[in-house]
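The figures that follow rest on heavy atoms only: side chains count, while hydrogens, waters and symmetry mates do not. Counting begins at 1 with the first residue of the sequence.
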Amino acid sequence: MMKTDSLSLAAEKVGEILGAEMELHEGFWQVIKKRTIKAHTSFDMCVSWSLELSVSFKPSTHNQLAINKAEVFLLPEELASFTGAPIQHPIHFPSSFSQRLSTERGMHCIRLASKEPPEDFAKRLTEALCVLS
């Protein structure tokens with residue numbers, strides 16, 4: 001397992017990358033953020049949604065690796081951009097990467113998981129989120 005100091009440093013780096021403070025919960029680090037989506041339905045009407053993003057990581061038994069997870073809610077028109085961005089990222093996917101997609105309440109929910117340094121996971125995720133802005 002990673003030492004507590006290095007785990008705290010990793011959580012701090014991941015928090016900086018994601019622009020949020022990570023919190024320790026029973027052996028894993030987590031952040032839950034909300035992102036606001038605005039859509040103009042007509043010239044004088046705008047609709048806003050608040051969509052959740054949950055990111056967590058837990059140290060693994062392998063040196064400097066962690067079990068990383070993220071759950072991101074996306075509008076249907078955001079899916080292609082979001083899933084395409086990490087493919088172009090200079091940090092390649094680890095061999096232990098998985099992605100599941102489901103539809104909930106008319107939106108897509110994508111669940112990502114990997115075993116890699118948490119900073120790498122956060123960098124790819126942040127890049128994918130940036131293309132949505």
Side-chain angles (χ1 to χ4, degrees):
M1 264 211 199
M2 284 192 251
K3 294 179 182 176
T4 305
D5 291 343
S6 63
L7 185 58
S8 295
L9 285 173
E12 189 176 315
K13 286 180 186 176
V14 170
E16 287 174 13
I17 294 166
L18 294 172
E21 189 172 326
M22 302 291 291
E23 295 180 10
L24 185 59
H25 295 277
E26 299 181 20
F28 67 95
W29 290 88
Q30 181 179 35
V31 64
I32 296 176
K33 290 178 61 169
K34 294 196 183 278
R35 63 186 186 95
T36 303
I37 306 296
K38 293 182 181 181
H40 291 279
T41 55
S42 67
F43 178 72
D44 59 347
M45 187 172 179
C46 182
V47 178
S48 293
W49 293 276
S50 181
L51 301 179
E52 242 182 42
L53 161 69
S54 172
V55 181
S56 66
F57 72 90
K58 181 178 182 174
S60 74
T61 55
H62 295 87
N63 189 25
Q64 302 300 315
L65 297 181
I67 299 165
N68 305 280
K69 295 182 180 183
E71 183 177 87
V72 183
F73 282 90
L74 301 165
L75 298 175
E77 59 270 18
E78 295 176 318
L79 183 62
S81 298
F82 181 84
T83 56
I87 295 168
Q88 305 301 321
H89 199 275
I91 299 172
H92 297 289
F93 290 109
S95 57
S96 60
F97 176 82
S98 69
Q99 175 176 301
R100 287 189 355 247
L101 179 67
S102 62
T103 303
E104 299 174 16
R105 300 182 303 262
M107 291 181 283
H108 294 296
C109 178
I110 192 160
R111 291 174 179 89
L112 309 169
S114 72
K115 189 174 186 180
E116 65 183 311
E119 298 91 341
D120 292 353
F121 183 79
K123 287 175 185 174
R124 266 196 317 278
L125 179 61
T126 299
E127 176 120 349
L129 291 168
C130 284
V131 300
L132 302 178
S133 304

*Asks:* Does S96 reach the main-chain N or O of K115 with its side chain, forming a donor-acceptor pair under 3.5 Å?
*Replies:*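 Between the backbone of K115 and the side chain of S96 there is a qualifying donor-acceptor contact (under 3.5 Å).
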*Asks:* Which atom names give the shortest non-hydrogen contact between P118 and A10, and what distance separates them?
*Replies:*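 Result for this residue pair: CG-CB, 4.1 Å.
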*Asks:* Are the side chains of T126 and L18 in contact, using a 4.5 Å heavy-atom criterion?
*Replies:*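 The answer is yes, as the side chains (C-beta and beyond) meet within the 4.5 Å cut-off.
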*Asks:* Sequence neighbours excluded, which residues qualify as salt bridge (charged side-chain N to carboxylate O under 4.0 Å, His left out) partners of E71?
*Replies:*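 Per chain and number, E71 pairs via salt bridge (charged side-chain N to carboxylate O under 4.0 Å, His left out) with R111.
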*Asks:* Verify the neighbour count for atom CD of E21: are there more than 12 heavy atoms of other residues, nucleotides or ligands below 6.0 Å?
*Replies:*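 12 or below, so no.
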*Asks:* Please find the pair of heavy atoms, one from G19 and one from K33, that lie closest to each other, and give the distance.
*Replies:*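 Closest heavy-atom pair between G19 and K33: O-NZ, 4.1 Å.
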*Asks:* Give me the atom names and distance for the closest heavy-atom approach of A122 to V14.
*Replies:*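 Taking A122 first and V14 second, the nearest heavy atoms are CB-CG1, 3.9 Å.
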*Asks:* State, with a plain yes or no, whether a side-chain heavy atom of T83 is found less than 4.5 Å away from one of Q99.
*Replies:*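 Counting from C-beta outward, T83 and Q99 do come under 4.5 Å.
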*Asks:* Answer yes when K58 and E26 have at least one side-chain N-carboxylate O distance shorter than 4.0 Å, and no when they do not.
*Replies:*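 Result for this pair is no, no salt bridge flagged.
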*Asks:* Spell out, yes or no, whether L101 and L132 are grouped together once hydrophobic residues are joined by side-chain heavy atoms under 4.5 Å, including indirect joins.
*Replies:*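 Yes, because L101 and L132 connect within a single hydrophobic cluster, where side-chain heavy atoms sit under 4.5 Å apart.
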*Asks:* Rounded to the nearest 0.5 Å, what's the gap from NE2 on H108 to CG on L79? Could you check?
*Replies:*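 Result: 5.0 Å between the selected atoms.
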*Asks:* Looking at CZ of F73 and CD of E78, how far apart are the two atoms once the value is rounded to the nearest 0.5 Å?
*Replies:*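 Those atoms lie 12.5 Å apart.
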*Asks:* What's the spacing between F82 CZ and L74 CG if we round to 0.5 Å?
*Replies:*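 Between atom CZ of F82 and atom CG of L74 there are 5.5 Å.
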*Asks:* Quick one: does L53's side chain get under 4.5 Å of K34's, heavy atoms only?
*Replies:*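 No, side chains not in contact.
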*Asks:* Is there side-chain contact between K123 and F121, with at least one heavy-atom pair below 4.5 Å?
*Replies:*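 Counting from C-beta outward, K123 and F121 never come under 4.5 Å.
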*Asks:* Got T103 and C109 here, is their nearest side-chain heavy-atom distance under 4.5 Å?
*Replies:*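 Side-chain contact under 4.5 Å: no.
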*Asks:* Hydrophobic clustering (ILVMFWY, side-chain heavy atoms < 4.5 Å, transitive) - are V72 and I17 grouped together?
*Replies:*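 Hydrophobic grouping puts I17 apart from V72.
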*Asks:* Quick one, E23 and Q30 - any side-chain contact, counting heavy atoms below 4.5 Å?
*Replies:*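 Not touching, per the 4.5 Å side-chain cut-off.
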*Asks:* Assigning hydrophobic clusters by single linkage (Ile, Leu, Val, Met, Phe, Trp, Tyr; side-chain heavy-atom cutoff under 4.5 Å), is V55 placed with L24?
*Replies:*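 Yes; L24 is reachable from V55 via cluster members.
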*Asks:* For F97 and S114, which heavy atoms make the closest approach, and how far apart are they?
*Replies:*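 Heavy-atom minimum between the residues: CD1-CB, 4.0 Å.
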*Asks:* Does a side-chain heavy-atom distance below 4.5 Å link P86 with F93?
*Replies:*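 Yes, side chains in contact.
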*Asks:* Quick one, N68 and L125 - any side-chain contact, counting heavy atoms below 4.5 Å?
*Replies:*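 A side-chain contact under 4.5 Å is absent here.
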*Asks:* Can you see which heavy atom on A85 is nearest to which on A128, and at what distance?
*Replies:*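 Heavy atoms only, the tightest pair is CB-CA, 3.7 Å.
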*Asks:* Measuring from atom CD of E119 to atom CZ of R124, what distance do you get when rounded to the nearest 0.5 angstrom?
*Replies:*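 Nearest 0.5 Å value for the CD-CZ distance: 12.0 Å.
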*Asks:* Restricting to non-hydrogen atoms, name the atom on I32 and the atom on S54 that form the minimum distance, rounded to 0.1 Å.
*Replies:*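 That would be CG1-OG, 4.1 Å.
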*Asks:* So, taking the atom named CD1 in I110 and the one named OG in S102, what distance separates them when rounded to the nearest 0.5 Å?
*Replies:*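 Going from the CD1 atom of I110 to the OG atom of S102 covers 9.5 Å.
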*Asks:* To the nearest 0.5 Å, how far apart are NE2 in H92 and CG in D120?
*Replies:*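 Result: 11.5 Å between the selected atoms.
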